[in-house]
Peer 1: 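Here it is, the structure in full.
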2 protein chains.
Amino acid sequence: MSPRAQAPGGGAETGGGTGAKPGTKPGAKAPGRRAYHHGDLRNALVDAALEMVRTGGPEAIVLREAARATGVSSTAAYRHFESHRDLVEAVKERAGARMDAEVAARLTDEPARADRGEEAVRRMRAVGRGYVRFALEEPGLFRLIFRQYADAPMPEGDPVSEAPPLTERNSSYMSMSEALDELVEAGELAAGRRAFTDVAMWAAVHGISTLLLETDLSRLDKRAREAAVERVFDVVFHGILTNLDTSAA
Amino acid sequence: MSPRAQAPGGGAETGGGTGAKPGTKPGAKAPGRRAYHHGDLRNALVDAALEMVRTGGPEAIVLREAARATGVSSTAAYRHFESHRDLVEAVKERAGARMDAEVAARLTDEPARADRGEEAVRRMRAVGRGYVRFALEEPGLFRLIFRQYADAPMPEGDPVSEAPPLTERNSSYMSMSEALDELVEAGELAAGRRAFTDVAMWAAVHGISTLLLETDLSRLDKRAREAAVERVFDVVFHGILTNLDTSAA
DNA sequence: CATTCAATGTTGGCGCTGTCAACATGGGTG
DNA sequence: CACCCATGTTGACAGCGCCAACATTGAATG
């Protein structure tokens with residue numbers, strides 16, 4: 001009963017729309033020839049919707065328009081998504097992957113450090129900068145990624161699922177968390193203070209990103225913005241570390 | 001041409017709908033009797049919309065429904081708001097005031113400290129706790145307050161308005177900023193490190209609030225949640241202060 | 001006190017949206 | 001070769017934001 005076709009992984013980038021399903025005989029779908037069956041409609045729709053989010057934010061996702069942009073009838077999307085919301089969720093996933101990739105891509109902008117602790121700090125700072133940068137460059141995507149529907153259940157006495165998985169899907173958080181582990185191993189962070197330090201770090205980075213986007217702080221010019229971001233890092237690292245130089249690069 | 005009537009200040013609370021405009025003769029508007037002219041429609045609409053936001057989040061604001069709930073025709077709202085967006089903005093303002101009030105109300109939950117620095121830290125912690133608490137108790141309002149429309153202009157070479165006003169309207173931020181000033185005066189924070197420390201503090205508090213609402217961290221149980229929040233405070237205060245005991249109350 | 005008028009509220013309608021039911025198409029499988 | 005199910009299409013419905021034209025007031029004005 002539930003739709004959602006095979007959906008080949010999620011590797012399709014924003015490219016064009018030339019992605020014919022692997023495994024089908026070639027030549028069956030020459031570019032420009034629109035057959036009755038599209039071939040990769042699901043991905044095409046997500047692509048179209050993602051582009052809308054980039055320019056208009058999450059509320060700019062309109063199913064009919066995505067269909068129109070893909071050259072398909074208004075209701076065709078319902079063969080691949082249960083509802084508008086389901087489409088949004090798919091776009092959100094894709095946007096998250098994009099953010100992960102873009103943040104990771106800038107991880108090596110600065111040279112590595114010999115000292116293990118310093119290297120871990122450098123990496124956290126790099127992830128943080130990439131995080132903020134993505135938020136400012138792709139506000140639409142960023143907003144979508146961190147948007148929860150209001151009817152998501154809040155746990156109050158939920159006995160189940162307090163366990164590990166939690167935030168495994170956010171690679172920025174994971175990177176910072178791993179770096180903190182290294183800090184512990186390197187003796188720069190007391191093991192007794194390790195708990196929730198990753199969350200605190202993430203909160204600071206995410207917080208400054210959000211504030212720069214959603215509050216009057218967006219009116220700061222570039223210089224002030226960067227100064228604010230660096231001050232966030234300095235405070236956090238100074239708060240975390242015991243005896244390491246945390247000055248910026 | 002532009003609507004928006006006199007709008008008596010904004011003091012009307014969520015009460016009922018018994019607020020007759022001050023200045024009109026009393027008795028003209030007995031409760032239950034709905035005259036052709038409502039008397040305080042603007043506030044009534046905002047009240048209705050605010051209630052929708054509380055249960056359904058920002059996207060639950062639907063103008064026609066607010067009118068219906070107020071017992072007025074669908075288009076009556078257009079005498080008080082230019083557009084749906086204008087209504088949303090009004091609700092946002094009211095929600096912000098509510099948050100300010102609720103955070104301030106809990107500012108004195110703990111006894112003041114004699115030492116000036118300690119008192120400042122206590123107050124920041126109290127504001128922070130109230131901030132997070134509000135976010136978790138009123139996720140709909142919180143989300144609305146910190147939601148910007150996608151078409152808000154981003155400054156890149158804007159020569160104007162880099163000046164002060166900025167975030168004057170967020171009383172939580174202002175409270176923390178003032179406390180930091182006291183920390184400087186008390187010699188607990190070097191004046192040279194004062195710049196943007198308020199922003200960093202705000203970022204941490206806002207960040208943990210958002211993460212607990214919009215990410216998998218919402219699945220943390222109450223104990224873990226509070227531990228995470230406290231860890232945020234510890235890291236930040238340790239990062240800010242030089243020689244003060246920052247342990248929780 | 002009667003008039004008048006601008007503020008406020010109503011009706012009807014437009015184009016858009018998400019979604020459903022019924023129907024059309026065609027590629028892969030028996 | 002015939003079939004069939006995944007995929008796409010058409011037509012329709014209710015609800016939304018918004019506009020134009022009309023109705024009803026309370027309050028200021030002569």
Peer 1: Write down the atom of S73(A), the atom of A67(A), and the distance for their closest heavy-atom approach.
Peer 2: O-CB, 3.4 Å
Peer 1: Under 4.0 Å, heavy atoms only, any strand: does S83(A) hit a base, just the sugar-phosphate, or nothing?
Peer 2: sugar-phosphate
Peer 1: Does the base of dG17(D) carry an N or O that pairs as donor and acceptor with the side chain of R64(B) under 3.5 Å?
Peer 2: yes
Peer 1: Expressed in angstrom and rounded to an integer, what is the separation of H84(B) atom NE2 from dT17(C) atom P?
Peer 2: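 Distance check: H84(B) NE2 to dT17(C) P gives 16 Å.
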Peer 1: Nearest whole angstrom, please: distance from the C1' of dA6(D) to the CZ of R42(A).
Peer 2: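 Rounded to whole Å, this separation is 15 Å.
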Peer 1: Between dC16(D), dG8(D), dC18(D), spot the one nearest the side chain of V72(A), thanks.
Peer 2: dG8(D)
Peer 1: Does H80(B) make a side-chain N or O approach to OP1 or OP2 of dA7(C) shorter than 4.0 Å?
Peer 2: no
Peer 1: Counting just side-chain N and O atoms, does R79(A) come under 4.0 Å of either OP1 or OP2 of dT25(C)?
Peer 2: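 Checking R79(A) against dT25(C): no side-chain N or O falls below 4.0 Å of OP1 or OP2.
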Peer 1: Let me check something: any side-chain donor-acceptor pairs from residues 130-144 of chain A under 3.5 Å, sequence neighbours excluded? List them with distances.
Peer 2:
| from | atom 1 | to | atom 2 | distance (Å) |
| --- | --- | --- | --- | --- |
| Y131(A) | OH | W202(A) | NE1 | 3.0 |
| Y131(A) | OH | H206(A) | ND1 | 2.8 |
| R133(A) | NE | E137(A) | OE2 | 3.2 |
| E138(A) | OE1 | R54(A) | NE | 3.2 |
| E138(A) | OE2 | R54(A) | NE | 3.2 |
| E138(A) | OE2 | R54(A) | NH2 | 2.9 |
| R143(A) | NE | E214(A) | OE1 | 3.4 |
| R143(A) | NE | E214(A) | OE2 | 2.7 |
| R143(A) | NH2 | L213(A) | O | 3.4 |
| R143(A) | NH2 | E214(A) | OE1 | 3.4 |

Peer 1: For N43(A) and dT7(D), what is the distance between atoms CG and P respectively, to the nearest whole Å?
Peer 2: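 After rounding, the reported distance stands at 13 Å.
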Peer 1: I'd like to know whether R94(A) forms a salt bridge (charged side-chain N to carboxylate O under 4.0 Å, His left out) with D47(A), so could you lay out the CA-CA distance, the side-chain angles of the two residues, the decisive distance to 0.1 Å, and finally the verdict.
Peer 2: CA-CA 9 Å; R94(A) 181 100 117 234; D47(A) 281 345; 2.4 Å; yes
Peer 1: State which of dG17(D), dG8(D), dG18(C) makes the closest approach to the side chain of L63(A).
Peer 2: dG18(C)
Peer 1: Rounded to whole angstrom units, what separation is found between the OH atom of Y78(B) and the P atom of dC16(D)?
Peer 2: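 Distance check: Y78(B) OH to dC16(D) P gives 12 Å.
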Peer 1: Is the closest basic N to carboxylate O distance between E59(B) and R147(B) below 4.0 Å?
Peer 2: yes
Peer 1: CD1 of I61(B) versus P of dC18(D): gap in Å, rounded?
Peer 2: 13 Å
Peer 1: Which comes earlier along DNA chain C counting from the 5' end, the contact point of S73(B) or that of V62(A), where each point is its nearest nucleotide?
Peer 2: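 In this pair, the answer is S73(B).
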Peer 1: Assign R85(A) to base, sugar-phosphate, or nothing according to its heavy-atom contacts below 4.0 angstrom with the strands shown.
Peer 2: nothing
Peer 1: Check the distance between dA7(C)'s P and L41(B)'s CG and give it to me in whole angstrom.
Peer 2: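 Interatomic distance, CG of L41(B) to P of dA7(C): 16 Å.
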Peer 1: Just how far, in rounded Å, is C1' of dG9(C) from CG of L45(B)?
Peer 2: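 Rounded to whole Å, this separation is 12 Å.
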Peer 1: Can you see which heavy atom on A228(A) is nearest to which on I208(A), and at what distance?
Peer 2: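 So the minimum-distance heavy-atom pair works out to CB-CD1, 4.5 Å.
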Peer 1: Could you tell me the separation between the CZ atom of F81(A) and the C1' atom of dT7(D), rounded to a whole number of Å?
Peer 2: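 Rounded to whole Å, this separation is 14 Å.
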Peer 1: Choose from dC18(D), dC22(D), dC20(C) the nucleotide whose nearest atom is closest to any side-chain atom of T75(A).
Peer 2: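 For T75(A), the side-chain atoms sit closest to dC20(C).
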Peer 1: Ignoring hydrogens and geometry beyond distance, is the side chain of S74(B) in donor-acceptor contact with the base of dT11(C) at under 3.5 Å?
Peer 2: no
